[in-house]
Colleague: 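Let me begin by handing over the structure; questions about it come next.
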Amino acid sequence: MSELYPVPPDFAADAGIDKAQYEARYADSVHDPEAFWADVAQRLDWITPPTRIKDVSYARDDVHIRWYEDGVLNVAANCLDRHLAERGDKTAIIFEGDEPDDTRHITYRELHGEVCRFANALRHLGVGKGDRVALYMPMVPEAAVAMLACARIGAIHSVVFGGFSPDSLAGRIADSTCKVVITADEGVRGGKKIPLKANVDAALERDGTRSVETVVVVQRTGAGVHMQSPRDRWYHSLIEGQSEDCAPEPMNAEDPLFILYTSGSTGKPKGVLHTTGGYLVYVSYTHACVFDLKEEDVYWCSADVGWITGHSYVVYGPLANGATTVMFEGVPSYPDASRFWNVVDKHKVTLFYTAPTAIRALMREGDAPVTRTSRRSLRVLGTVGEPINPEAWEWYHRVVGDERCPIVDTWWQTETGGILITPLPGATDLKPGSATKPFFGIQPAVVDADGKPLEGACSGNLVITDSWPGQMRTIYGDHQRFVDTYFSTYPGNYFTGDGVRRDEDGYYWITGRVDDVINVSGHRIGTAEVESALVAHAQVAEAAVVGCPHDIKGQGIYAYVTLISGVEPSDALRDELIGWVREQIGPIAKPDFLQWANALPKTRSGKIMRRILRKIAENQPEALGDTSTLADPSVVEVLVQERLSQ
Ligand code: 6R9
């Protein structure tokens with residue numbers, strides 16, 4: 001039995017949703033989803049309110065997901081215009097730069113003006129409804145402005161994390177034929193500069209990027225960058241003289257809002273497509289409920305806008321709710337390990353949301369960097385991105401939250417748009433390491449390898465049996481891949497790719513990916529992507545990549561490499577290959593370990609047996625399991641010997 005942390009009574013007294021309300025509302029939500037979600041949709045401003053609420057099929061030969069399909073609205077108008085009357089002077093964004101003295105407050109009125117000016121500028125550049133726009137940006141307010149400006153004119157944004165390489169950026173630009181790229185001269189994180197504009201220049205030399213007509217450059221560091229005329233334009237010159245009025249494009253609820261690429265178990269990254277109405281209903285509602293949002297809260301999610309968490313819970317959810325959201329450009333360790341808590345004190349942050357990897361890294365620095373700060377303003381703490389180990393959870397609770405603040409361990413995915421399994425801070429008793437219970441309208445199920453639903457306390461694969469408004473609609477340009485990836489493994493269900501345990505109280509414990517996706521510091525890396533980068537090197541014949549335990553990152557990347565014959569392994573070559581992957585994909589995909597392999601363990605039909613490679617990487621040769629299907633068992637013995645002698 002794990003320890004139970006009951007809802008603190010004084011928290012429950014003030015909370016928007018208590019235990020009884022959670023139970024009742026959850027029952028309603030799954031009993032009559034249409035009525036429930038019709039009601040929730042009223043939290044938005046609709047140009048035409050929806051009358052058709054839900055039209056969903058998970059049937060393999062006809063997967064379609066539509067919510068509010070006859071509704072018309074604009075996301076930017078919902079995030080900005082409708083707040084102006086009551087909250088025009090309220091701070092929408094607190095920008096906290098990489099350097100602690102670099103802070104800016106932007107009110108809803110100011111943000112509205114800037115978004116309109118940039119939206120007008122984009123329209124002048126010929127960008128219109130349905131056009132794709134790539135963003136390759138640092139964590140500065142202009143990133144949110146650019147997203148909202150796209151939403152205002154109906155353009156589809158595709159944000160690419162600033163840590164990705166020119167090649168990765170080029171692949172994403174090409175896949176969705178973007179017309180414009182918005183970037184900055186440089187990014188700056190932890191005192192280090194990132195040459196964003198130079199990376200864009202390099203990306204645009206790659207094949208398949210000729211759709212790009214304009215590159216818009218935000219001046220962040222003032223570094224001298226090469227501006228290629230007429231393609232490259234400064235953001236500040238473009239918005240100069242633009243009107244602060246810009247009519248929002250009326251969008252159908254099912255018109256695309258954005259594409260966000262994410263790694264899968266096979267092939268190139270998938271362009272996850274989210275649409276307008278259902279997405280905004282879902283992220284605004286989950287944001288309000290999961291964080292027990294109140295008007296005066298100062299909310300800070302430390303995620304980068306390059307990830308789904310940045311989209312849903314830095315920008316769209318909080319702004320749709322008229323909240324004050326902090327955008328942080330830096331890293332938790334700069335200038336020192338007190339940074340997060342200094343920022344909490346400086347801006348009186350009440351709701352704080354971060355990743356387990358950051359908590360583990362800070363925990364390693366001891367309690368002092370935390371305890372020398374006040375943190376009295378904090379009310380709720382959150383985590384996302386990977387399972388949180390109970391030790392880190394308890395440290396977060398005891399040291400950061402002074403045992404006062406409920407922790408919401410939120411499980412969800414790029415594909416789900418918003419949070420699906422989570423505590424509600426005023427309603428759910430907590431168990432460290434468990435994401436606890438489903439959110440309203442979410443129907444999780446645990447199935448065995450054959451897809452048979454399991455009852456009661458059990459372990460298996462996590463599926464969701466019915467849709468919710470924030471669910472992704474398709475993979476951009478490849479609906480069949482969408483069907484194959486998510487609806488074919490367990491027909492009739494959405495397959496999450498995660499393993500799960502459900503305990504005797506009905507609490508869910510996510511155990512991690514069951515496919516070939518590695519979760520490094522909460523970021524998804526497909527083993528296939530790293531493998532294809534490795535084999536693209538002239539001296540590599542074959543490569544296999546698996547995850548391995550890592551104290552801080554959760555999982556590390558472990559690569560087995562077979563060289564072409566005649567090439568000798570060396571430390572210099574190992575460094576070169578690690579650097580090569582970094583260049584090809586980006587620093588987050590850099591292997592932590594690289595083991596030479598004369599040969600890889602394969603089945604007789606030639607399939608690499610990753611299960612075995614995982615055990616070797618985990619240094620558990622005694623747990624290799626059944627090796628009888630191996631074509632040549634001696635391959636494994638050699639790898640185990642060499643692993644041990646490393
Ligand atoms: C939001 C986000 C999704 C994968 C997901 C799972 C893991 C996320 C988690 C968690 C355990 C949590 N994950 N939150 N595992 N507990 N609270 O992270 O999206 O980048 O698409 O990753 O992350 O494995 O399948 P994304």
Side-chain angles (χ1 to χ4, degrees), residues 159-161 163-164 258-265 269-274 279 282-283 286-287 290 301-317 353-360 381-390 392-393 396 407-423 428 430-439 442 444 461-464 470-472 475 485-486 489 494-502 507-527 547 553-555 588-589:
V159 184
V160 179
F161 175 59
F164 279 119
F258 66 83
I259 299 166
L260 182 59
Y261 287 86
T262 190
S263 294
S265 49
K270 304 180 285 249
V272 169
L273 185 98
H274 282 288
Y279 173 80
Y282 197 74
V283 297
T286 46
H287 177 254
V290 171
C301 166
S302 70
D304 191 283
V305 288
W307 310 112
I308 190 68
T309 308
H311 284 62
S312 302
Y313 299 113
V314 174
V315 179
Y316 289 120
Y353 191 28
T354 194
T357 186
I359 297 166
R360 285 194 298 267
L381 300 172
T383 72
V384 57
E386 53 177 316
I388 181 164
N389 46 311
W393 192 101
Y396 196 32
I407 295 182
V408 289
D409 173 353
T410 64
W411 174 85
W412 58 295
Q413 312 177 297
T414 306
E415 293 88 339
T416 70
I419 296 165
L420 298 199
I421 301 184
T422 179
T428 317
L430 306 173
K431 298 185 188 186
S434 171
T436 75
K437 299 272 197 161
F439 188 71
I442 304 304
N461 300 307
L462 177 63
V463 301
I464 313 290
Q471 183 169 27
M472 75 182 282
I475 291 174
T485 309
Y486 303 105
T489 320
Y494 166 74
F495 178 43
T496 63
D498 278 320
V500 72
R501 178 168 75 82
R502 185 170 55 210
Y507 276 49
Y508 289 86
W509 302 72
I510 309 295
T511 49
R513 302 289 305 190
V514 294
D515 54 10
D516 291 321
V517 172
I518 311 180
N519 192 326
V520 182
S521 302
H523 303 315
R524 282 162 63 169
I525 312 285
T527 52
K553 300 180 183 180
Q555 278 191 300
I588 55 169

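Each ligand, and each atom within it, is numbered from 1 in the order the structure gives.
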Colleague: Got a sec, which residues hit side-chain contact (heavy atoms from CB on, under 4.5 Å) with Ala303, two or more places apart in sequence or on another chain?
Modeller: Cys301, Thr309
Colleague: Excluding sequence neighbours, so at least two apart, what forms side chain to side chain donor-acceptor pair (under 3.5 Å) with Tyr507?
Modeller: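 Side chain to side chain donor-acceptor pair (under 3.5 Å) check on Tyr507 returns nothing, list empty.
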Colleague: With sequence neighbours excluded, tell me which residues meet side chain to side chain donor-acceptor pair (under 3.5 Å) with Ser434.
Modeller: none
Colleague: Tell me, which residues have any heavy atom less than 4.0 Å from some atom of ligand 1?
Modeller: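 Shell around ligand 1 (4.0 Å, heavy atoms): Ile308, Thr309, Val384, Gly385, Glu386, Pro387, Asp409, Thr410, Trp411, Trp412, Gln413, Thr414, Asp498, Ile510, Arg513, Asn519, Arg524.
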Colleague: Could you tell me whether a side-chain N or O of Thr496 sits under 3.5 Å from a main-chain N or O of Leu462, the two making a donor and an acceptor?
Modeller: yes
Colleague: Please report the shortest heavy-atom distance between Tyr313 and Val283, naming the atom on each side.
Modeller: CE2-O, 3.7 Å
Colleague: Using 30° and 60° as the class limits, which term best fits the ring planes of His274 and Phe258: parallel, tilted or perpendicular?
Modeller: tilted
